[in-house]
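Below is one structure, written out as structure tokens; the observations come after it.
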Amino acid sequence: MRPEHTAPPEVFYNTDEAKKYSRNTRIMEIQATMSERAIEMLCLPEDQPSFILDIGCGSGLSGECLSEQGHHWVGMDISEAMLDVAVSERETDGDVQLADMGQGIHYRAGVFDGAISISAVQWLCNADKKGHSPPKRLYQFFKTLYSSLRHGARAVLQLYPETPDQMELIMYQATRAGFSGGVVVDYPNSAKAKKYYLCLFAGIQQGQAQVPAGLTDEMDTATNTDRMRTKDFRSAGGVKNATRKQKVIARKERHLRKGKTTKHSENTKYTGRQRRPKF
């Protein structure tokens, strides 16, 4: 059964539905939490920005988390409608590309310091078109992803396998492509909070790197509280307990530092104000 906050196939091609999906506050919160967790498991250096590939980037929700932590990123997605939302409405800092991950990751070898994916890889297990072979598409995806990562880099892929056989197929093709690593399960005893992550290592033999431990309900609450506080601090671009307006201004400043233009360069009393619903 598909979780309610993952995008059904029809959302990928309808602009209005893509906008509605991307504005859902509950979806935004869940996506941000999973993105933060995936980035945490990448174990990136804290003193320098990294170059990250966001696979199935959608409207740029996970990319925003990367930008807020000071990283540079490139996103790819099969949905033109979702990418339009990322560029026109969310004004993402990263570059985005219209691409089918089942056809491979076509970037220069060793260019990325890491890769993340939120709620996307499980779609490769479906034969949505005539001639689609899930094993072949999964192998092509993992083989080219392995090539695009620098030696020793990690890929953390959050996914929703429908059956144990799907997870076994995905892990088999990842291992066949050269990856080591394993599956991380957060909150395994919770029906709603349970999340699966593939934590994969490029160029590292099995056993040379340790797969992170999954979160459990028994872990001390202080750790999770600290993580949320850190997330709140980062989401404001370094402004603790920021308002919506402060977050918008912080994003504008990031764009200006990179030489990008914004729709409204000057800040007014209307900056960051929530729009009224249309009737």
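This structure is a prediction, so every number in the text was calculated from the model and none was measured.
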Check side chain to side chain contact (heavy atoms under 4.5 Å, CB included) between [X] and all other residues, then give those that pass, not counting sequence neighbours.
X	value
Glu168	Asp165
Ser35	Ser62, Cys65, Ile118
Pro164	none
Ile204	Ser180, Phe201, Gln208, Ala209

Would you check if the side chain of [X] reaches a backbone N or O of [Y] as a donor-acceptor pair within less than 3.5 Å?
X	Y	answer
Trp73	Gly63	yes
Ser117	Leu157	no
Lys195	Lys192	yes
Thr144	Gly104	no
Ser190	Tyr187	no
His71	Pro49	no
Asp54	Val74	no
Gln158	Tyr197	no
His106	Gln103	yes
Arg90	Gly60	no

Taking all heavy atoms of [X] and all of [Y], pick out the closest pair and write down the distance.
X	Y	answer
Ala174	Leu200	CB-CD1, 4.1 Å
Pro45	Ser50	CD-OG, 3.9 Å
Ala155	Leu145	CB-CD2, 4.2 Å
Glu89	Arg23	OE2-NH2, 2.6 Å
Ser79	Leu98	C-CD1, 3.9 Å
Ala177	Lys143	CB-N, 3.6 Å

For the hydrophobic clusters of this structure (ILVMFWY residues joined by side-chain heavy atoms under 4.5 Å, transitively), does one cluster hold both [X] and [Y]?
X	Y	result
Val96	Leu66	yes
Met28	Val85	no
Val156	Met171	no
Leu42	Val185	no
Leu44	Leu149	no

Pairs satisfying salt bridge (charged side-chain N to carboxylate O under 4.0 Å, His left out), at least one member in residues 197-212, at least two apart: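 The answer is none; no pair qualifies.
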Derivation and outcome, side-chain contact (heavy atoms from CB on, under 4.5 Å), residues Ile78 and Trp123: CA-CA 11 Å; Ile78 197 173; Trp123 298 112; over 6 Å; no
Residues two or more places apart in sequence or in another chain: which of them pass side chain to side chain donor-acceptor pair (under 3.5 Å) with [X]?
X	value
Tyr196	Lys194
Gln97	Tyr107
Gln166	none

Do the non-hydrogen side-chain atoms of [X] and [Y] ever get within less than 4.5 Å of each other?
X	Y	result
Asp93	His72	no
Cys125	Leu138	yes
Val211	Val184	yes
Arg154	Pro212	yes
Ile52	Ile39	no
Ile116	Ile55	no
Leu124	Tyr139	no
Ser119	Leu159	no

Qualifying residues under ring-ring contact (aromatic ring centres under 6.0 Å, His included), relative to Phe179, sequence neighbours excluded: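 Phe179 satisfies ring-ring contact (aromatic ring centres under 6.0 Å, His included) with Tyr146 once adjacent residues are dropped.
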Separation between CG of Leu61 and CE of Met34, rounded to the nearest 0.5 Å: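 Leu61 atom CG to Met34 atom CE measures 9.5 Å (nearest 0.5 Å).
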Results of salt bridge (charged side-chain N to carboxylate O under 4.0 Å, His left out) for Asp100 - residues two or more places apart only: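 Asp100 satisfies salt bridge (charged side-chain N to carboxylate O under 4.0 Å, His left out) with Arg137 once adjacent residues are dropped.
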Salt bridge (charged side-chain N to carboxylate O under 4.0 Å, His left out) involving Arg150 - partner list, sequence neighbours excluded: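 Residues passing salt bridge (charged side-chain N to carboxylate O under 4.0 Å, His left out) with Arg150: Asp113.
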side-chain contact (heavy atoms from CB on, under 4.5 Å) assessment of Gln173 paired with Leu169: CA-CA 6 Å; Gln173 297 300 341; Leu169 173 63; 3.9 Å; yes
Stepwise side-chain contact (heavy atoms from CB on, under 4.5 Å) test for Ile170 and Leu198: CA-CA 9 Å; Ile170 292 169; Leu198 276 185; 3.4 Å; yes
From CA spacing to verdict: side-chain contact (heavy atoms from CB on, under 4.5 Å), Glu36, Gln69: CA-CA 10 Å; Glu36 290 280 348; Gln69 296 194 28; 3.0 Å; yes
Verdict with supporting geometry, Arg37 and Glu40, salt bridge (charged side-chain N to carboxylate O under 4.0 Å, His left out): CA-CA 5 Å; Arg37 175 64 171 148; Glu40 176 186 327; 3.2 Å; yes
Heavy atoms of other groups near Gln48 CD, more than 12 under 6.0 Å: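 It does: Gln48 CD has more than 12 such atoms within range.
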Residue pairs, two or more places apart or on separate chains, that pass ring-ring contact (aromatic ring centres under 6.0 Å, His included) and touch residues 27-65: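 Qualifying pairs, neighbours excluded: Phe51-Phe112.
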